[in-house]
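Following: one structure in structure tokens, then a few remarks.
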Amino acid sequence: MSEPKRFIDIHSHIIFGADDGVRSLDEAIELLKLDREEGAYAVFATPHYGAENIYTPEASLVMQKFELLKERATKEIPEVELYLGTEWYCAYSLARRIRQRQAFRMNDTDYILTEFLEYRDLHGDHYEDTDRIVTNLMELKSQGFKPILAHPERYTAIQKDWDLAKKLHKNGILLQVNAYDLELNMSLKTKELAQWMAKEKLISFIGSDMHGLPPKRPPQMKEGIDWLYENTDKDYADAVAFGNAEKLLTERYRPATSTT
């Protein structure tokens, strides 16, 4: 068996009790150990945040839990560095929420991991349309931030119109794909879209989007990253696996001039 390739996981739900992710510090540590076995050398904790998706954990409590996790991880998994961010719901007013420090930028940079809502209930499937996705992301960008769209391969609007991914990329929206979706996802439409975006070099970052030990979503990165290296050139694969994410570890936040 080949050695796992090194990567930076910029998307995880390992702040216990903050959202629908891990329920305990012990579970978070177990997930980090699994992610390390897959090849991670740095991991971002990115709890959900947004009234629209019912997750609004207090920033001070998230920071306290992050520091507890980091302290224990440093002792038990010193090979993995931990960083703090947020998976923000991409509301039109997101820039204001960020400036109010309701949650966290990616390692205190101007990169912002964002998501849109997709869910199923008794009334059917619900998803956000192209206009809302483009409008809200471009508004965030116009406010001086650098949006990173989480798992675009899973959004119905993009699955219906693959060119929307190209449009977002052309307009400076960075895309983060879940490694699981590149190779292991049993949904062909999700996997094929993820693979197409990789071959078109539209992806900037990779993530596990891990939420917990089975039956929740554990980190499953290796197969997807292997696929990336086998099906794209090495320079691009390196950039997606860790090169682009290195900027999140070194750049500092520059406040935007707009206050609207």
Side-chain angles (χ1 to χ4, degrees), residues 8 10-13 15 18-19 44-60 62-63 66 83-118 127-158 161 163-177 197 202-207 209 239-240 243-260:
I8 295 176
I10 77 158
H11 185 171
S12 72
H13 296 270
I15 303 295
D19 58 10
F44 279 78
T46 54
H48 294 290
Y49 188 88
E52 294 82 359
N53 62 6
I54 72 170
Y55 296 111
T56 55
E58 288 290 335
S60 60
V62 170
M63 178 60 78
F66 174 72
Y83 299 90
L84 184 57
T86 302
E87 186 180 15
W88 302 79
Y89 171 72
C90 195
Y92 187 79
S93 59
L94 179 51
R96 173 177 54 80
R97 298 177 183 182
I98 295 167
R99 293 194 181 99
Q100 291 174 344
R101 298 183 179 273
Q102 294 179 14
F104 300 92
R105 302 182 300 269
M106 299 294 280
N107 191 36
D108 203 32
T109 65
D110 52 3
Y111 290 86
I112 307 296
L113 184 67
T114 67
E115 67 171 337
F116 290 90
L117 292 180
E118 300 238 335
Y127 63 91
E128 303 197 59
D129 62 22
T130 296
D131 286 345
R132 182 183 294 271
I133 290 173
V134 173
T135 298
N136 290 12
L137 285 169
M138 294 310 297
E139 170 63 15
L140 180 61
K141 186 173 182 291
S142 76
Q143 293 288 322
F145 296 102
K146 297 175 182 176
I148 304 171
L149 180 59
H151 44 63
E153 70 277 11
R154 297 191 170 193
Y155 295 120
T156 300
I158 300 178
D161 178 11
D163 283 340
L164 177 54
K166 281 190 173 181
K167 179 179 180 179
L168 294 172
H169 179 266
K170 181 179 180 180
N171 283 281
I173 306 303
L174 304 169
L175 305 180
Q176 173 262 305
V177 160
M197 287 192 293
L202 304 179
I203 302 169
S204 293
F205 303 102
I206 205 81
D209 195 10
V240 173
N244 293 331
E246 290 283 358
K247 297 178 182 179
L248 307 181
L249 311 184
T250 57
E251 290 191 12
R252 307 318 303 162
Y253 174 57
R254 298 180 300 278
T257 55
S258 174
T259 58
T260 57

Is there a side-chain contact between [X] and [Y] in this structure, where contact means two heavy atoms from C-beta onward sitting under 4.5 Å apart?
X	Y	result
His151	Val177	no
Asn171	Lys167	yes
Lys146	Lys141	no
Ile173	Met138	yes
Lys247	Phe205	no
Ile98	Phe145	yes
Arg97	Trp88	yes
Leu113	Gln176	yes

Show the nearest heavy-atom pair for residues [X] and [Y], with the distance to one decimal.
X	Y	answer
Ala51	Thr56	N-CG2, 3.6 Å
Ser12	Ala45	OG-CA, 3.5 Å
Leu249	Asn107	CA-ND2, 3.5 Å
Leu117	Glu128	N-OE2, 2.7 Å
His11	Ala150	CE1-CB, 3.8 Å
Pro47	His13	CA-ND1, 3.9 Å

Enter the distance from [X]:[atom1] to [Y]:[atom2] here, rounded to the nearest 0.5 Å.
X	Y	atom1	atom2	result
Asn244	Ile203	CG	CD1	11.0 Å
Phe116	Ile158	CZ	CD1	8.5 Å
Leu202	Leu174	CG	CG	11.5 Å
Phe104	Ile15	CZ	CD1	9.0 Å
Thr114	Leu94	OG1	CG	7.5 Å
Asp19	Thr46	CG	OG1	8.0 Å

I'd like to know whether Leu175 forms a side chain to side chain contact (heavy atoms under 4.5 Å, CB included) with Ile148, so could you lay out the CA-CA distance, the side-chain angles of the two residues, the decisive distance to 0.1 Å, and finally the verdict.
CA-CA 5 Å; Leu175 305 180; Ile148 304 171; over 6 Å; no

Ignoring hydrogens and geometry, is there a side-chain-to-backbone donor-acceptor pair from Thr109 to Tyr111 under 3.5 Å?
yes

Under a plain distance cut-off of 3.5 Å, with no hydrogens placed, do [Y] and [X] share a side-chain donor-acceptor pair?
X	Y	value
Glu115	Asn53	yes
Glu118	Thr156	yes
Gln143	Arg96	no

Go through the steps for Tyr83 and Met106 under the test side chain to side chain contact (heavy atoms under 4.5 Å, CB included), then give the verdict.
CA-CA 8 Å; Tyr83 299 90; Met106 299 294 280; over 6 Å; no

Let me see the working for Arg105 and Glu87 under salt bridge (Lys or Arg N to Asp or Glu O under 4.0 Å), right down to the final yes or no.
CA-CA 9 Å; Arg105 302 182 300 269; Glu87 186 180 15; over 6 Å; no

Residue that, paired with Cys90, satisfies side-chain contact (heavy atoms from CB on, under 4.5 Å) out of Asn136, Thr135, Ile133:
Asn136

Criterion side chain to side chain contact (heavy atoms under 4.5 Å, CB included) on Leu84 and Asp108, from CA distance to verdict
CA-CA 8 Å; Leu84 184 57; Asp108 203 32; over 6 Å; no

Heavy-atom count check: over 12 atoms from other residues, nucleotides or ligands less than 6.0 Å from Arg132 CZ?
no

Just wondering, more than 12 heavy atoms not from Glu58 lying within 6.0 Å of its CD?
no

Angle class for the His48/Tyr55 ring planes (parallel below 30°, perpendicular above 60°, tilted otherwise)?
parallel

